[in-house]
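Encoded as structure tokens, the structure appears first; notes follow it.
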Amino acid sequence: AQSVTQLDSQVPVFEEAPVELRCNYSSSVSVYLFWYVQYPNQGLQLLLKYLSGSTLVKGINGFEAEFNKSQTSFHLRKPSVHISDTAEYFCAVSYIQGAQKLVFGQGTRLTINP
Amino acid sequence: NAGVTQTPKFQVLKTGQSMTLQCAQDMNHEYMSWYRQDPGMGLRLIHYSVGAGITDQGEVPNGYNVSRSTTEDFPLRLLSAAPSQTSVYFCASRISADSGNTIYFGEGSWLTVV
């Protein structure tokens, strides 16, 4: 079965510093990969997704992620964070074939300090 | 531009009571789903539907029922609430069962069972 592991439950960084949120998945078949953001007391919004093609995916708010098939990873990066990026970030994976359920990681809470 | 609408936003139940969380979408999406979010566990799929009249179980279906009589609505029923069902519930929809399509989330329903 597919599973997703987000390696850090909390990541504190200073404003304007770079950040990387790590995500690894386990699957023996082709998958789609997603990053979602959840601001306090809100639902989830799609940041970016990898379906096929270029392994570097750009999303909203200056975020990007790189799909690495050999390492089964999909890490999220931003070169310079802002206070407004404070939120919880979820990595998710879905099989391309068969039951196309979206499986989420445990979440990483990103805290930006001034 | 309503998107996915969930009601109620907050609810307190006593153990053994029943209730229904309502979910409606106005985007003519075929696929709808319910997730619960618990600290440190990400989002877990409860039930999903790939179209009117079709429902299936997700990862954590016990204690919950669903039905899909129309394309727009996908209510989640708790028949006999238990404290373990204290959680934040999210309804989500996407245009089709193809998980490459973006999934849209409601703003959540906070449920406390005492």
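Naming: A, B, ... by sequence-line order, numbering from 1 per chain.
In this structure, B/Q37 and A/F90 approach most closely via the heavy-atom pair NE2-CZ, 3.1 Å.
For B/E59, no part lies near chain A; criterion is any non-hydrogen pair under 4.5 Å. Heavy atoms of B/L43 lying under 4.5 Å from chain A belong to its backbone as well as its side chain. With a 4.5 angstrom heavy-atom cutoff, B/Y35 touches chain A only via side-chain atoms. Proximity to chain A involves both the backbone and the side chain of B/D98, based on heavy atoms less than 4.5 angstrom apart. Within the 4.5 angstrom heavy-atom criterion, only side-chain atoms of A/L51, from C-beta onward, approach chain B. Only the side chain of A/Q38 has a heavy atom closer than 4.5 Å to any heavy atom of chain B. For A/Y50, no part lies under 4.5 angstrom from a heavy atom of chain B. With a threshold of 4.5 angstrom between heavy atoms, A/Y32 approaches chain B through side-chain atoms but not through N, CA, C or O. Interface remark: A/L46 contributes side-chain atoms only to the contact with chain B (heavy atom separation under 4.5 Å).
Under a hydrophobic clustering in which Ile, Leu, Val, Met, Phe, Trp and Tyr are joined whenever their side-chain heavy atoms come within less than 4.5 Å, directly or via other members, A/F74 and A/I60 fall into the same cluster. Put simply, A/Y39 and A/W35 are part of the same group of oily side chains (I, L, V, M, F, W, Y) that touch within less than 4.5 Å, one to the next. Following chains of ILVMFWY side-chain contacts shorter than 4.5 Å, one can reach B/Y31 starting from A/L44, so the two form part of one hydrophobic cluster. Note on A/L21: it clusters hydrophobically with A/V103, by side-chain heavy-atom contacts below 4.5 Å among ILVMFWY residues. Using a 4.5 Å cut-off between side-chain heavy atoms of Ile, Leu, Val, Met, Phe, Trp and Tyr, with links allowed through other members, B/V113 and B/F10 fall into different hydrophobic clusters.
The environment of A/E16 atom CD is sparse: at most 12 non-hydrogen atoms of other residues, nucleotides or ligands sit within 6.0 angstrom. Enclosure of atom OH in B/Y104 is not indicated, since only 12 or fewer non-hydrogen atoms of other residues, nucleotides or ligands lie within 6.0 angstrom. Counting heavy atoms of neighbouring residues, nucleotides and ligands inside a 6.0 Å radius, atom CD1 of B/I95 does not exceed 12 of them. Counted within 6.0 Å of NZ on B/K9, heavy atoms from surrounding residues, nucleotides or ligands total more than 12; the atom is thus considered enclosed.
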- Task: Before giving the answer on side chain to side chain contact (heavy atoms under 4.5 Å, CB included), spell out for B/I103 and A/L102 the whole-Å C-alpha distance, their side-chain angles and the decisive distance to 0.1 Å.
- Result: CA-CA 9 Å; B/I103 195 166; A/L102 200 58; 3.8 Å; yes
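For A/K101 (side chain) and B/L45 (main-chain N/O), no donor-acceptor pair under 3.5 Å exists by modelled atom type.
Between B/T102 and A/F34 there is no side-chain heavy-atom pair separated by less than 4.5 Å.
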